[in-house]
Protein chains: 4
Amino acid sequence: MAKQRPSARRGDDRRRSWLERVRPLIASQVGDPSLVERRYGELIAAAARLFQEKGFDRTTIDDIAGRLNISVGAIYRYVERKEDILLLTLARTLWRFQKLGPPPPDGDPAQRLRELIRRYYRVIAADAPSTLLAYRESYVLRGEARQLTKDMELETNRAFEAVLRDGIARGAFRRCRVEVVTYDIVMLGHMWALKRWYLGRLVDLDAYIAEQTDFILSALSRRRGSGERRDRSLPRIPRRV
Amino acid sequence: MAKQRPSARRGDDRRRSWLERVRPLIASQVGDPSLVERRYGELIAAAARLFQEKGFDRTTIDDIAGRLNISVGAIYRYVERKEDILLLTLARTLWRFQKLGPPPPDGDPAQRLRELIRRYYRVIAADAPSTLLAYRESYVLRGEARQLTKDMELETNRAFEAVLRDGIARGAFRRCRVEVVTYDIVMLGHMWALKRWYLGRLVDLDAYIAEQTDFILSALSRRRGSGERRDRSLPRIPRRV
Amino acid sequence: MAKQRPSARRGDDRRRSWLERVRPLIASQVGDPSLVERRYGELIAAAARLFQEKGFDRTTIDDIAGRLNISVGAIYRYVERKEDILLLTLARTLWRFQKLGPPPPDGDPAQRLRELIRRYYRVIAADAPSTLLAYRESYVLRGEARQLTKDMELETNRAFEAVLRDGIARGAFRRCRVEVVTYDIVMLGHMWALKRWYLGRLVDLDAYIAEQTDFILSALSRRRGSGERRDRSLPRIPRRV
Amino acid sequence: MAKQRPSARRGDDRRRSWLERVRPLIASQVGDPSLVERRYGELIAAAARLFQEKGFDRTTIDDIAGRLNISVGAIYRYVERKEDILLLTLARTLWRFQKLGPPPPDGDPAQRLRELIRRYYRVIAADAPSTLLAYRESYVLRGEARQLTKDMELETNRAFEAVLRDGIARGAFRRCRVEVVTYDIVMLGHMWALKRWYLGRLVDLDAYIAEQTDFILSALSRRRGSGERRDRSLPRIPRRV
DNA sequence: AATGAATGAGCATTCATTCAT
DNA sequence: GATGAATGAATGCTCATTCAT
């Protein structure tokens, strides 16, 4: 017990904390936590696919129950309403990014960013339909559930933010508004999922990652001469109130 | 035919061609084209708002009829099914980008791109909810209707493509896969609509445009030394089948 | 037009005012008032029977629709929820008492009371199951609807109150707490409906009315000697706060 | 057997006989009678409250189990169906009147009746919601269960019948149809529960009892002259077939 | 004896679409 | 052309009851 491997332990912590984030928002009537976790997994597997194919509103509880060979009543012992299943699905999707693994080893900021982008984009590509689903159906969620998805997205962004700030501090990247550029990088990852109907005909994933990595690193490169706006003092950029 | 006023003609062409694109997909029972056009406009105005607020599936025909002070039966004389109204709405949204106005004046490619970005991003910001709607509800459309929205989006991209290709040809921009970078630029515009819940708290539109313009132009700048990958021969990048 | 008979007019007023009492509580989607009135009548006829037989909660909308040879959707164009049908039913039942006709002619208070009792009890007996229904299912209604049924019941009681007060003022009846005795009379009428499973085996309606009339008039008679409590000053009877 | 303390014995008899009346109608799977009796008591306590608040049909077995901190399965070991719990509840309510205590001491019939009324009305007032419940939900019971509640109500009435008959025989009360007048007295007691929403605002319980006692005794008083209908021969009153 | 997860028929309500007027 | 009442299949959710543990 005393000598658990840190990585295994962290993995465990992470899985647990995913449930911990979601469960308080979903009133389950079933007590046994391991059963609940199993059922959640089954629900996600079945529902994610259906939601992707037909959309949330066009997927019925009967569809989900049928695919799981379970009764509708059984589903409602684990969730209170249909939206809860969507929350489960989206939370699991967003959580994948927490599994990007140990942060890239120290070293050249550009290399660290490259690696982070590669991992992040690969996670997206591994399940593009889920990313699409998140864009399409997030609006269905309200209140705390909606907030949770937003929070989880922003938390994921933090890894990029850290690398960017470090790179800027070390003079490897040009100065920029880090929050915006962070989202640029994230967005260009999501783009693979959002526009795959077009991009997929042009390039494969590796080429896409290479292209976007070039684009991003080039955008961050410090330029000679007038490249970087001299007069720009970040703090003075007007914030919108 | 020869002496129509250019401006009137262009405006007319454009409006007509929007209808021309959409009408063959929508079986209206009403003959009078100007009446149809008027009703389409009313439908779009009412439905767009409702779809944005509640989503397509959660908006009823009664909602739309009620907002228009028209009968449900009347609506069904102009469209065949509910999805047609969505098509109308999305087509109108996508059409806004055709109105970017006269192409930027010849000159420095960077200046032309700057100007194009500025206009494009402003159009998005002028009606962010519609962009959001397009991302959320496009999947509802099937067949030709879905294809039309894709085509219209790609057509809009052409203006960026042209400027990029010109800039590369003239050595102002680094070499890159133009279709991808085009979509990057477009995507970072959509991002203002998609992530405004976050970005809107950080920057205002002008700052956003400035930041992204810097980002994009920096990404396109030719760099000293190894910045541009020497060994890269674009045509050899494997296409995905 | 100018010379409508008063009675006919009053009858008309009354029917209208019944609708006027109920309609503001029921959001109907149908405009045509005469159609609404007709449908309300049909709904009441079908639902009252079903509610009496099986109870409100055990009667389904399908039952009602089936009995009316109407679609469920049609019902929901006239009412917003199932409870509305119950309100309709109870309101109609309570309204029957407004039709007791012109108040008994002036004369001996005992005679007027006798006549009022006779009429009131006959109305109950004419549709005992509805009275039973009111006792059983009123609790289902909430808010304004519940209040309306209470108000209508109390309004009916007023006729008895007036006769009692008049009789007491004229020395024909002993002094008593009029509101309580009023409800006694009303209650002994309801009793015919509530306990008919027992009473119906013992007496017929006329005998019942005769018996109860004797009971009530005897109870109200002024007695010699100690019959009427001398020391009792009505105003001093403690009111419950 | 001979030397049990009277009080203990009576209490025991009564409790036992209540169970004896109900148990044959309820198939319990549990053998131990004292356990069954305890569970019945718990069920009644929990269910009565819930039935009063939400009605029988709107109270779920889960509600009851939850309130008792017992499993639904456990409940179904003591009763066969949900209706059994209602029977239990109503039987207990009706049984309260068996506990009116030793019959009023011999003496003046009016005094005995006064005392009986006082006790009976107090029992009702002590748990008015249960009386309301009986009126509302009795119809749910069918067959023997329904009959049992009717029988128990009529048995309670017997005490009043006896006093009335005695009073009439001794010339203290006027002649009347005893069964009807008995129910009048009972009904005016129930009225406190049924119309408390109105009466409770006018009088307190003691005033109510005083008022009704006056009303009833006055109704039973023999009057001078034509007060009592001479020509009336009770046996000839037509019975309803 | 007790538990509580599972079942699945049942129900209120919605809403796209039709069609008689 | 326009109206709006009617249709009825569809759907989310409930809950009495069962039964394996």
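So you know, we letter chains A, B, ... as the sequences are listed, proteins then strands, and number each from 1.
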- Query: Across the strands shown, which category fits C:V30 at heavy-atom distances under 4.0 angstrom: base, sugar-phosphate, nothing?
  - Reply: sugar-phosphate

- Task: Could you tell me whether the phosphate oxygens of F:dA2, OP1 or OP2, come under 4.0 Å of any side-chain nitrogen or oxygen in B:R39?
- Result: yes

- Message: Are there over 12 heavy-atom neighbours, none belonging to B:R67, within less than 6.0 Å of that residue's CZ?
- Response: yes

- Item | Residue from A:R39, A:R77, A:R23, A:E80 passing side-chain contact (heavy atoms from CB on, under 4.5 Å) with A:S28 | A:R23

- Message: Is A:Y76 close enough to E:dT7 that one of its side-chain N or O atoms is under 4.0 Å from OP1 or OP2 there?
- Response: no

- G-U wobble or Watson-Crick pairing nucleotide for E:dA1 (cut-off 3.5 Å, both distances): none

- Query: OP1 or OP2 of E:dG8 less than 4.0 angstrom from a side-chain nitrogen or oxygen of A:S71, does that happen here?
  - Reply: no

- Find out whether D:Q29 and D:Y76 are in side-chain contact, i.e. whether some heavy atom of one side chain is under 4.5 Å from a heavy atom of the other. no

- Query: Do the side-chain N or O atoms of C:R77 get closer than 4.0 angstrom to the phosphate oxygens (OP1, OP2) of F:dA5?
  - Reply: yes

- Report the residues that fulfil ring-ring contact (aromatic ring centres under 6.0 Å, His included) with D:Y40, sequence neighbours left out, ordered by chain and then residue number. none

- Message: Categorize C:S28 for me: base, sugar-phosphate, or nothing, with a 4.0 angstrom heavy-atom threshold over every strand shown.
- Response: nothing

- Euclidean distance, atom CG of residue D:D57 to atom P of F:dT14 [Å, nearest integer]: 16 Å

- Item | Options E:dA12, F:dT3, E:dA1, nucleotide nearest the side-chain atoms of D:L35 | E:dA1

- Message: Distance check needed: E:dT18 P versus B:D62 CG, whole Å only.
- Response: 15 Å

- Just checking D:G31: base, sugar-phosphate only, or nothing, at a heavy-atom cut-off of under 4.0 Å? sugar-phosphate

- Query: Which one, E:dA16, E:dA1, F:dC13, comes nearest to the side chain of A:K82?
  - Reply: F:dC13

- Message: Need one value for B:D32: base, sugar-phosphate or nothing, where a base atom within 4.0 Å counts as base even if backbone is also close, heavy atoms only.
- Response: sugar-phosphate

- Rounded interatomic separation in angstrom, taking CD1 from D:I61 and P from E:dT3: 15 Å

- If pairing requires Watson-Crick or G-U wobble contacts with both distances under 3.5 Å, which nucleotide is the partner of F:dA6? E:dT17

- Rounded to whole angstroms, how far apart are CD1 on A:I75 and P on E:dA5? 16 Å

- Query: Is there a side-chain polar atom (N or O) of C:Y78 under 4.0 Å from OP1 or OP2 of F:dA6?
  - Reply: yes

- Query: B:Q29 near the nucleic acid: base, sugar-phosphate alone, or nothing, with a heavy-atom cut-off under 4.0 Å?
  - Reply: nothing

- Item | B:V22 and B:L25, any side-chain heavy atoms less than 4.5 Å apart | no

